[in-house]
Amino acid sequence: MPQNDFYERVYYLTRQIPYGRVTSYGAIAKAIGSPKSARVVGYALNASAGNIDIPAHRVVNRNGMLTGKAHFLGSQAMQAQIEAEGISVKNNQVQNLQKYFWQPPVLSLDN
DNA sequence: AAGATGACGAGGG
DNA sequence: TCCCTCGCCATCT
């Protein structure tokens with residue numbers, strides 16, 4: 001099991017994203033105490049691909065682009081899921097991002 | 001053990 | 001505004 005504390009934190013926060021909202025890799029990285037590890041957040045989510053308990057489709061990059069869509073089972077799965085939650089996606093990008101953006105809570109160090 | 005990778009993000013030209 | 005480069009850091013090879 002490669003999951004260490006870092007992965008668990010990423011998964012925990014990702015599960016907290018409300019239905020119909022999205023957040024970014026960087027926001028999650030910052031919330032878990034490693035603001036420079038946005039790339040690793042993506043890496044962790046990649047390792048969670050196929051896990052229906054983790055709404056990874058609600059995590060996009062800072063511009064609202066669906067950079068992770070290629071890692072889902074279907075080539076349009078990510079966009080379909082987001083649109084199904086009431087968010088419009090145009091040209092691989094979430095529209096009106098700031099309206100749907102969800103700011104994750106900062107995790108205590110001993111969580 | 002050492003170098004390469006990447007679902008990012010910020011800055012420079 | 002678009003494009004490229006660089007820094008980042010847990011993992012992977």
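A, B, ... follow the sequence lines: proteins, then strands. Residue 1 opens every chain.
Nucleotide C:dC9 holds its C1' atom 11 Å from the CD1 atom of A:Ile32, rounded to whole Å.
One distance of note links CD1 of A:Ile28 with OG1 of A:Thr23; it measures 5.5 Å at 0.5 Å rounding. How far CD of A:Gln95 is from CD1 of A:Ile87: 11.0 Å, rounded to the nearest 0.5 Å.
In this structure the side chain of A:Gln16 reaches within 4.5 angstrom of the side chain of A:Tyr12, judged on heavy atoms. For the pair A:Trp102/A:Val22, no side-chain contact is recorded, criterion being any heavy-atom separation below 4.5 Å from C-beta on.
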Only pairs under 3.5 Å count here: list side-chain donor-acceptor contacts from residues 52-69 of chain A, not counting sequence neighbours, and write none if there are none.
from: A:His57; atom 1: NE2; to: A:Glu85; atom 2: OE2; distance (Å): 2.9
from: A:Arg58; atom 1: NE; to: A:Glu85; atom 2: OE1; distance (Å): 2.9
from: A:Arg58; atom 1: NE; to: A:Glu85; atom 2: OE2; distance (Å): 3.2
from: A:Arg58; atom 1: NH1; to: A:Ile17; atom 2: O; distance (Å): 3.0
from: A:Arg58; atom 1: NH2; to: A:Glu85; atom 2: OE2; distance (Å): 2.9
from: A:Asn61; atom 1: OD1; to: A:Asn63; atom 2: N; distance (Å): 2.9
from: A:Asn61; atom 1: OD1; to: A:Gly64; atom 2: N; distance (Å): 3.1
from: A:Asn61; atom 1: OD1; to: A:Met65; atom 2: N; distance (Å): 2.9
from: A:Lys69; atom 1: NZ; to: A:Asn92; atom 2: OD1; distance (Å): 3.1

| Where along nucleotides 6-13 of chain B does protein come under 4.0 Å, by heavy atom, of base (B) or sugar-phosphate alone (S), with - for untouched nucleotides? | BBBSB---

